[in-house]
Amino acid sequence: MKSEQERQEIIKSIDVLLNQAYDSVLDEILAYLRRIDDMEDEEDLQAVKEAREDRRINGAVSWNEYKEYNK
């Protein structure tokens with residue numbers, strides 16, 4: 001994960017380029033970012049489904065229960 005300063009530098013660089021871009025390029029960038037966001041949402045939902053299925057099949061123990069059993 002990038003530091004806050006690194007993130008701000010990247011955002012500033014992107015902002016400069018976006019302000020120089022043609023409208024059609026901006027539309028393409030927005031569509032691309034939305035697709036990425038949608039894909040990440042799908043991945044998150046899939047991970048939740050898999051975790052629920054794993055819990056259903058294998059059961060689950062909370063972290064506190066685990067610590068209690070392994071004293």
Side-chain angles (χ1 to χ4, degrees):
M1 183 167 209
K2 298 193 179 300
S3 70
E4 186 61 29
Q5 181 179 356
E6 289 173 317
R7 289 180 52 81
Q8 291 304 317
E9 289 174 12
I10 291 170
I11 290 169
K12 286 178 186 175
S13 296
I14 292 170
D15 188 49
V16 169
L17 294 173
L18 288 174
N19 283 307
Q20 297 171 358
Y22 293 110
D23 289 343
S24 61
V25 172
L26 293 175
D27 292 337
E28 290 178 34
I29 292 169
L30 180 59
Y32 179 70
L33 291 172
R34 285 182 175 157
R35 281 196 305 269
I36 291 171
D37 191 46
D38 290 345
M39 289 179 351
E40 288 174 348
D41 288 347
E42 289 176 20
E43 290 172 1
D44 291 344
L45 289 173
Q46 184 61 34
V48 168
K49 288 178 186 176
E50 289 173 3
R52 285 181 179 163
E53 182 66 11
D54 182 60
R55 182 175 180 181
R56 184 185 69 77
I57 293 170
N58 299 315
V61 176
S62 73
W63 178 243
N64 288 333
E65 291 171 325
Y66 176 81
K67 288 190 301 186
E68 192 66 32
Y69 293 132
N70 292 299
K71 281 187 174 180

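Since we're looking at a predicted model, the values are computed, not measured.
Surrounding CD of Gln46 are more than 12 heavy atoms belonging to other residues, nucleotides or ligands, all under 6.0 Å away.
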Query - Glu53 and Lys49: CA distance, side-chain angles, deciding distance, side-chain contact (heavy atoms from CB on, under 4.5 Å) verdict - result: CA-CA 6 Å; Glu53 182 66 11; Lys49 288 178 186 176; over 6 Å; no

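Side-chain contact between Arg52 and Val48: present, with at least one pair of heavy atoms (C-beta onward) separated by less than 4.5 Å.
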Output a table of donor-acceptor pairs, distance under 3.5 Å, between side-chain atoms of residues 18-45 and any protein atom two or more places apart or on a different chain; print 'none' if there are none.
{"residue": "Asn19", "atom": "ND2", "partner": "Asp15", "partner atom": "O", "Å": "2.9"}
{"residue": "Asn19", "atom": "ND2", "partner": "Asp15", "partner atom": "OD1", "Å": "3.3"}
{"residue": "Asn19", "atom": "ND2", "partner": "Asp15", "partner atom": "OD2", "Å": "3.4"}

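Listed by chain and number, the residues in a side-chain hydrogen bond (donor to acceptor under 3.5 Å, both in side chains) with Ser13 amount to none (sequence neighbours excluded).
For the pairing with Gln5, the side-chain hydrogen bond (donor to acceptor under 3.5 Å, both in side chains) check across Glu9, Gln8, Lys2 returns one residue only, Glu9.
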